[in-house]
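Heads up: the structure comes next, in structure tokens.
Heavy-atom basis, side chains included; hydrogens, waters and symmetry copies ignored.
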Amino acid sequence: MLKGLFSFNGRYRILHLTWFAFFLTFVCWFNFAPFATTVGKQLNLTPEQVKTLGICNLALTIPARIIIGMLLDRFGPRITYSLLLIFASVPCLATALSQNFDHLVISRLLMGIVGAGFVVGIRMVSEWFPPKEIGIAQGIYGGWGNFGAFGAEFTLPTIAVAASFMNGGASNWRFAIALTGIVAAIYGLIYYNSVQDTPVGKVYKRPKKNGALEVTSVKSFWALIISNFGLIFALGLLAWRLAQKNIHFLTQSQMYLVWLLLAGLFAYQTYKAYQVNKELLIGKKTYAPSERYQFRQVALLEFTYVTNFGSELAVVSMLPAFFEKTFGLEHVVAGMIAATYPFLNLISRPSGGLISDKFGSRKWTMTIISGGIAVGYLMAHFINSSWPIPLAIAVTMFAAYFAQAGCGATYSIAPLIKKEATGQIAGNIGAYGNFGGVVYLTIFSLTDASTLFSTMGIAAMICAFMCGFFLKEPKDSFAAAYEGELAETPTNRSTIFTEE
């Protein structure tokens, strides 16, 4: 596989084009974090308002990942990803033109939609790579794409400083943020003209029903409803935060109105889920053993993604300001140091997928890595101004490795649950990563960094326990092909895995 990876041919070409699409969405998604303190000073924002913007950046990704997962399964990754990249220019330019807190809230809420791009590539990669290689392929896609957070934190401050001559000598954060959206839109057009959804001779499988996830047992239906409620709860939590007196964005009556709308959204989701699964619920339909899957396995992966990707979102959002304030650093230097956390994505997430492929048990890979996340964040809890900066960096990188490897391990399992619903399943799991980010950043906005780190560590410890006892090894975890598909052999390699 490593030889093919550097060939830029066949399925590897699709992988490279797709991870770079994800990379650009991450650059856009986190283009505000390196400038949070600078923007706060220029626009006279309170510390609470700056923290709240980090939550807004994640919020709409929750429903967006589910909706885009449905669109993806229906229309395919080529169209879905291309349009999302082009859309990224809207919130980027809106952020660059913002003049006050209200403008920033709206632009960062819209930016959350761009963060949903991840699930598109999960389906694209699963179409081009067999189960035995799915861990490393998804790890490369996710890890090298997540590297965009490093790209944002490390390069955007430099671009802003280089463009300061256009801003009277001050850091030109507006230019840097606007540039990310323009580049993403251009690449959206390139992506549309450079990829296809499946290899030649392979049919793109679509769900038989649209509008909600199809489950295969009554218990799974109720688990799905509870899962949907959790995502609605995270949005309600954001509305509550925006209504606090020190934020000044929503009034109490507006908060109640948002909650009412969210209750209506939950009722609509429940109705659509009932429609899709009605025949199962009234006993008119049963599924053959080969068609069944347990939604509780999806729910467990949702929890793992809370603890790994949810924590990564929270840390990437707050780490530049944390280093700046804890050690009294300039924002450019603090941003570059904080960038060591997302930098590890280059190797950590692919290694999590590779370990899952090679260890022989995806379940125990997930369990052990979750334990590592717990240890990393519990150590980070003790970081303070008396620590040597290199030691603080080492501890955050330790936590970063396991959190990011956990993302790779999670998505080495997700595409194996039910192939034709991969987009929706990946969307649900991905949305819970944002759920974790919203909850963790809300805790951070109300407390401090040490409390955030300890909370994430304890959650990961509980997750490791649950994976060890309740997570099941997916069927055909290390097969040469998905069920019902032709395995790759020297004679059919060119037919199955090459392009038009």
Can you tell me if [atom1] on [X] sees more than 12 non-hydrogen neighbours from other groups inside 6.0 Å?
| X | atom1 | answer |
| --- | --- | --- |
| Phe327 | CZ | yes |
| Arg74 | CZ | no |
| Tyr287 | OH | yes |

Work out which heavy atom in [X] is nearest to a heavy atom in [Y]; give both atom names and the distance.
| X | Y | result |
| --- | --- | --- |
| Val114 | Pro91 | CG2-CG, 4.0 Å |
| Ser126 | Gln138 | N-NE2, 3.7 Å |
| Val120 | Ile68 | CG2-CG2, 3.7 Å |
| Glu302 | Asn428 | OE2-CB, 3.6 Å |

Those residues that, when tested against Ala314, pass side chain to side chain contact (heavy atoms under 4.5 Å, CB included) (two or more places apart):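 Listed in chain order: Tyr440, Leu441, Met456.
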Ion pair check, Arg349 and Glu312, cut-off under 4.0 Å: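 Answer for the salt bridge query: no.
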Stepwise ring-ring contact (aromatic ring centres under 6.0 Å, His included) check, Tyr432 with Phe435: CA-CA 5 Å; Tyr432 262 90; Phe435 168 90; 5.1 Å; yes
Looking at [X] and [Y], would you say the former's side chain and the latter's main chain have a donor-acceptor pair under 3.5 Å?
| X | Y | value |
| --- | --- | --- |
| Ser356 | Gly353 | no |
| Gln294 | Ser220 | no |
| Asp448 | Thr451 | yes |

Any heavy-atom pair between the side chains of Arg362 and Glu473 that's under 4.5 Å? yes
Aromatic contact, [X] with [Y] (centres under 6.0 Å):
| X | Y | answer |
| --- | --- | --- |
| Phe20 | Phe23 | yes |
| Phe147 | Trp144 | no |
| Tyr411 | Phe118 | yes |

Going by ring pair (Phe, Tyr, Trp, His ring centres under 6.0 Å), name the residues that satisfy it together with Phe101, two or more places apart in sequence or in a different chain. none
Sequence neighbours excluded, the answer for ring pair (Phe, Tyr, Trp, His ring centres under 6.0 Å) partners of Phe221 is none
May I have all residue pairs that pass side-chain hydrogen bond (donor to acceptor under 3.5 Å, both in side chains) and include part of [range], sequence neighbours excluded?
| range | answer |
| --- | --- |
| residues 319-329 | Thr37-Glu324 |
| residues 368-377 | Ser311-Tyr377, Tyr341-Tyr377 |
| residues 16-25 | His16-Trp19, Thr18-Tyr191 |

Without hydrogens or angle criteria, can the side chains of Thr422 and Arg123 be said to hold a donor-acceptor pair below 3.5 Å?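 The answer is no; no qualifying pair exists.
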List the steps and the verdict of ring-ring contact (aromatic ring centres under 6.0 Å, His included) for Tyr81 and Phe75. CA-CA 10 Å; Tyr81 229 153; Phe75 298 107; over 10 Å; no
Angle class for the Phe26/Phe22 ring planes (parallel below 30°, perpendicular above 60°, tilted otherwise)? perpendicular
